[in-house]
Amino acid sequence: MLRTHTCGELTRDHEGTAVTLCGWVQNWRDHGGLVFVDLRDRYGITQVVFNPQSHPDVHAVARTLRSEWVIQVSGRVVLRPSDMVNPNIATGDIEVRADALKILNRSKTPPFEPSAFDLPNEELRLKYRYIDLRRPVLRDALVLRHKLTQAARNYFDRHGFLEIETPMLGRSTPEGARDYLVPSRVHPGSFYALPQSPQLYKQILMVAGLDRYYQIARCFRDEDLRADRQPEFTQIDVEMSFVERDDILQIIDGLVAEMLEAVGRSAPSLPLPRYSYAEVMERFGTDKPDMRFGMELVDISSIVANCEFGVFRNTIESGGRVRGLNAPQAAEKYSRRIIDELTRFVGDFGAKGLAFFRVKDGALDSPIAKFFDSETQQAIIRTMDARPGDLLFFVADKDAVSSPALAALRNRLGRELQLYDPNDLNVLWVIDFPLFGWNEDERRWDAEHHPFCFPVVEDIPLLETDPGAVRAQSYDLVCNGCEAGSGSIRIHDPEVQGKVFALLGIDAAEAERRFGFLLEALRYGAPPHGGIALGLDRWVMLLSGLTNIRDVIAFPKTQRAADLMTGAPSPVDERQLRELHIRVDLPAD
RNA sequence: GGGGCCGUAGCUCAAUUGGUUAGAGUACCGGACUGUCGAUCCGGGGGUUGCGGGUUCAAGUCCCGUCGGCCUCGCCA
């Protein structure tokens, strides 16, 4: 080893020790006499002092050091004078008096410095990712990520799970997300697809009798990106045989507790709370509620059904509802201009308007308050549990519009009004999802989770009569309003599978063409089984307090799915295309 | 595919209503300085205002297009 210690470990206890450190020059301060260097590695920062009297040759070289040069320093650990301790770094009690210095490598002047106070734009950071990754916040996220996967591996190993790899080159199954395709050289005109998830493989592993499977699995989806979505991402993928829903929830409860413990968070009380889909949709308007704060949705339809305000009355007459929420003590904080902005905000979700009332002098204050008689106003105040200074918002529409709009508004207000501690963690289950959702555009049923999800047994007869009422044996793990895991008990009975496919508009021939290999496998002794996948990247975000998925992935892609460091994707040689039997047909212009 | 924000020195930003030679901090280069830790002080170099076009006596500023980055709706079983 070129070093005896790291830059993060020396303390008072090492006083007098001869050490050799390696690292990057984070900063240097040349006093003409003494030269100070802040030496950084993965573990921390240590101050090195070069003295012209004791080691003039070494000192002369030290004066030439520049940012991000890589050096090896030998010297003795000394205590700093008490008034020169640096409380900002872990090694601030000591410094290393250098008696030898070797420049291991020089650096071009970096385009930005990892210690900079003003971060450069993300484009530059992504191009020089290796410099950005020297910053503690990104380094810490990768460390936390490692701890999480390590905790998961330990946990699964203790519980008898096998880590099994599944193919990256698989068969395209056209539903779900868009596939990333890989052309086959030896099968002209045929393509592999990168896995959107190992879903079908893991079910087949259960048919094979492997019983308990897990994998830290890379998944690929060619869809538009978001702050929390990358084209390739990682799932902690799990499947178990001979289990019922509660068995999965229980095993994942334990995993969550272990992961939180591994990163130094306090253990959640188990079992994690479980809420039905119907309940959270009614109370929060979303299937991934952030329960770190209240501000629940309230239905005032019955109060305003006969009011003078046409928008409310007409909405209710045509089968919609008027629902809203109470932003506590926000009446003064939100000006008309900001409320107009909130109106545009809910408009993004299709809401045609946002009614608001300030609660003032025991009544409602608003441009539309005149449409509500005093009795109605009092009823609204009572129902909304409103106090003077509160600000009430309402959206009148069918639930399909008002729920997402109000849920987004609730999240935004909760954050802006600081209704919760951002360091809190709130983890919960949502269960009893509907098996199908009605696709209005295409006039048909879609699988809410995926087509292999088992119905609640007592609901199976409803498949024939009322598909929309059939509940699924599926479950989502929700953390701080973020979908952090999703799974289900699978269909292991070909007959039930056939009925579900039929409802989804997939006839036998079509099913055979798309999933024949799975259906065939299910006919050879498939055990009852089920599983779940946790979004690793999102867990790292949540536990790091970061809001951007790029910050928890070593080499992420931009919103247009490009890697600015390597230049991927890129055109390829004509010869490569010929070998793959591919002719590129670019759109004109 | 739609909506929004952004692009000026290596970097972070400024530049009045369209008006002088596009500035500051930092980084970089040279010099001074023996206890700094966002060191300090003195001096210096550094610009295709993303790119292309247009309007104008005059464009960093206005208009059109385009490229790139971010946020977001749709999309993501």
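In what follows, every chain begins at residue 1, and chains take the letters A, B, ... in the order their sequences are listed. Keep in mind that this is a model prediction, so the values were computed, not measured.
At B:rA39, one or more side-chain N or O atoms of A:R29 fall inside 4.0 Å of OP1 or OP2 (strictly under the cut-off). Put simply, A:R229 has no side-chain N or O that comes within less than 4.0 Å of OP1 or OP2 on B:rG74. Dashed line: the shortest gap from a side-chain N or O of A:N548 to OP1 or OP2 of B:rC71 is under 4.0 Å.
Residue A:L225 contributes atom CG, which lies 13 Å from atom C1' of B:rG69 at whole-angstrom precision. In this entry the distance linking NE2 of A:H59 with P of B:rU36 reads 16 Å, nearest Å. Distance, A:I89 CD1 to B:rU36 C1': 12 Å, rounded to whole Å. Rounding to whole angstrom units, CG of residue A:D30 and P of B:rC41 are separated by 15 Å. Rounded to whole Å, atom C1' of B:rC28 lies 14 Å from atom NZ of A:K108.
Both stacking criteria are satisfied for A:H31 over the base of B:rA39: a centre-to-centre distance under 5.5 angstrom and an angle between ring planes under 30 degrees.
Minimum atom distance to the side chain of A:F349 is reached by B:rC73, of the listed B:rC37, B:rC73, B:rC70. The listed nucleotides are B:rC76, B:rG35, B:rG30; the one nearest the side chain of A:R66 is B:rG30. Relative to the side chain of A:D224, the nucleotides B:rC75, B:rG69, B:rC28 differ in distance, and B:rC75 lies closest.
Residue-to-nucleotide contacts include no donor-acceptor pair under 3.5 Å from the side chain of A:R344 to the base of B:rG4. Between the base of B:rU26 and the side chain of A:E113 there is no donor-acceptor pair shorter than 3.5 Å.
Residues that satisfy the side chain to side chain contact (heavy atoms under 4.5 Å, CB included) test with A:D179, not counting sequence neighbours, are A:S172, A:L181, A:A193, A:Q196. Residues satisfying the salt bridge (Lys or Arg N to Asp or Glu O under 4.0 Å) criterion with A:R550, sequence neighbours excluded, are A:E122. Listed by chain and number, the residues in a side chain to side chain donor-acceptor pair (under 3.5 Å) with A:R471 are A:E458, A:D459 (sequence neighbours excluded).
Base-pair partner of B:rA39: not found among the strands shown (Watson-Crick or G-U wobble, both distances under 3.5 Å).
Listed by residue number, the members of residues 469-479 of chain A with any heavy atom below 4.0 angstrom from RNA chain B form an empty set.
Within the 4.5 Å cutoff, side-chain heavy atoms of A:R125 are placed close to those of A:P120. Two residues are said to be in side-chain contact when any heavy atoms from C-beta on lie closer than 4.5 Å; A:L194 and A:V182 meet this criterion.
A donor-acceptor pair is defined here as one N or O able to donate and one able to accept, closer than 3.5 Å; such a pair exists between the side chain of A:T46 and the backbone of A:C7.
Within a 6.0 Å sphere centred on CZ of A:R412, heavy atoms belonging to other residues, nucleotides or ligands number more than 12.
Using a 4.0 Å heavy-atom distance criterion, A:E95 is classed as a base contact. Nucleic acid contact for A:R490: none, since no nucleic acid atom lies under 4.0 Å from a heavy atom of the residue. At a threshold of 4.0 angstrom between heavy atoms, the contacts of A:R550 are confined to the sugar-phosphate backbone, with no base atom among them.
Remark on RNA chain B: of its neighbouring residues A:Q47 and A:A177, the 5'-side contact belongs to A:Q47, judged by nearest-heavy-atom nucleotide. Each of A:A562 and A:Q196 was assigned the nucleotide of RNA chain B with the nearest heavy atom; the assignment lying further toward the 5' end belongs to A:A562.
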Could you list the protein-to-nucleotides 5-8 of chain B atom pairs, N/O on both sides, closer than 3.5 Å?
none

Identify all pairs in which a protein N or O lies below 3.5 Å from an N or O of nucleotides 9-15 of chain B, and state each distance.
| from | atom 1 | to | atom 2 | distance (Å) |
| --- | --- | --- | --- | --- |
| B:rG10 | O2' | A:P111 | O | 3.3 |
| B:rC11 | O4' | A:P111 | O | 3.4 |
| B:rU12 | OP1 | A:N121 | N | 2.6 |
| B:rU12 | O2' | A:D118 | OD2 | 3.4 |

